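Following: one structure in structure tokens, then a few remarks.
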Amino acid sequence: QVQLVESGGGLVQAGGSLRLSCAASGRTDATYVMGWFRQALGKEREFVGATRWSGGATRYADSVKGRFTISRDYSTNTVYLQMNSLTPEDTAVYYCAADRIVGKVPTSLSEYDYWGQGTQVTVSS
């Protein structure tokens, strides 16, 4: 069982940056994949990026590639999503997700069993 708590959301102007945090408690071992998803108002939840907790493979959605970066802090069991060059299209509730996954880092929501409560990111034009 893993508990996830996101923080760091807020209001930022277009072109600005934010860093989201996802604090994980419970058992997170090398087999876990940590993912970030987002859901804009009236839209379906979509994949943003994900990384294996042990390091190595990281995947990003094409819409954020080159602007967003996922990193980890093993000492605090925290995963970060650094978001740069934000645009109003990045406005959404951002969710952290996790699960024990073998093989390729998945982009599908259905592959993740553990979810945080979400944090709102609003980018003004």
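Note that the structure is a prediction, hence the values are computed from the model and not measured.
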- request: Would you mind listing the cluster partners of Leu11? Hydrophobic ones only (ILVMFWY), side-chain contacts under 4.5 Å, chaining allowed.
  value: none
field: Smallest separation among heavy atoms of Ile101 and Arg52, with atom names
entry: O-NH1, 2.8 Å
query: Excluding sequence neighbours, so at least two apart, what forms salt bridge (Lys or Arg N to Asp or Glu O under 4.0 Å) with Asp90?
result: Arg38, Arg67
query: Which residue pairs pass the salt bridge (Lys or Arg N to Asp or Glu O under 4.0 Å) test when at least one of the two sits in residues 107-125, sequence neighbours left out?
result: none
task: Kindly write out the residues that satisfy side-chain hydrogen bond (donor to acceptor under 3.5 Å, both in side chains) with Ser17, not counting sequence neighbours, or none if the list is empty.
output: Asn84
message: Could you report the tightest heavy-atom contact between Ala92 and Ala40, atom names first, then the distance?
response: CB-N, 3.7 Å
message: List the residues meeting side-chain contact (heavy atoms from CB on, under 4.5 Å) with Gln117, not counting sequence neighbours, and say none if there are none.
response: Val5, Glu6
query: Got a sec, which hydrophobics cluster with Ile70, joining ILVMFWY side chains under 4.5 Å apart, including via others?
result: Val2, Leu4, Val12, Leu18, Leu20, Tyr32, Met34, Trp36, Val48, Trp53, Tyr60, Val64, Phe68, Tyr74, Val79, Leu81, Met83, Leu86, Tyr94, Tyr114, Val121, Val123
- request: List for me each residue that meets side-chain contact (heavy atoms from CB on, under 4.5 Å) alongside Thr76, sequence neighbours excluded, and say none if there are none.
  value: Asp73, Thr78, Tyr80
task: Kindly indicate, with the supporting measurements, whether the criterion side-chain hydrogen bond (donor to acceptor under 3.5 Å, both in side chains) is fulfilled by Arg59 and Thr107.
output: CA-CA 8 Å; Arg59 299 179 69 180; Thr107 62; 4.9 Å; no
message: Please check: side-chain N/O of Thr119 versus main-chain N/O of Gly9, any donor-acceptor pairing under 3.5 Å?
response: yes
query: Does a side chain donor of either Gln3 or Ser25 reach within less than 3.5 Å of an acceptor in the other side chain?
result: yes
task: Kindly write out the residues that satisfy salt bridge (Lys or Arg N to Asp or Glu O under 4.0 Å) with Arg19, not counting sequence neighbours, or none if the list is empty.
output: none
query: Residues in salt bridge (Lys or Arg N to Asp or Glu O under 4.0 Å) with Lys104, at least two apart?
result: none
field: Closest heavy-atom pair and its distance - Ser125, Ala14
entry: CA-CB, 4.3 Å
Which residues share a salt bridge (Lys or Arg N to Asp or Glu O under 4.0 Å) with Arg45, sequence neighbours left out: none
- prompt: Which pairs pass disulfide (SG to SG under 2.5 Å) with one or both residues in residues 17-125, sequence neighbours excluded?
  reply: Cys22-Cys96
statement: Gly35 and Ala50 have their tightest heavy-atom pair at CA-CB, 3.7 Å
message: Holding to ring pair (Phe, Tyr, Trp, His ring centres under 6.0 Å), I want the full list of residues that pass it with Phe37, two or more places apart in sequence or in another chain.
response: Phe47, Tyr112, Trp115
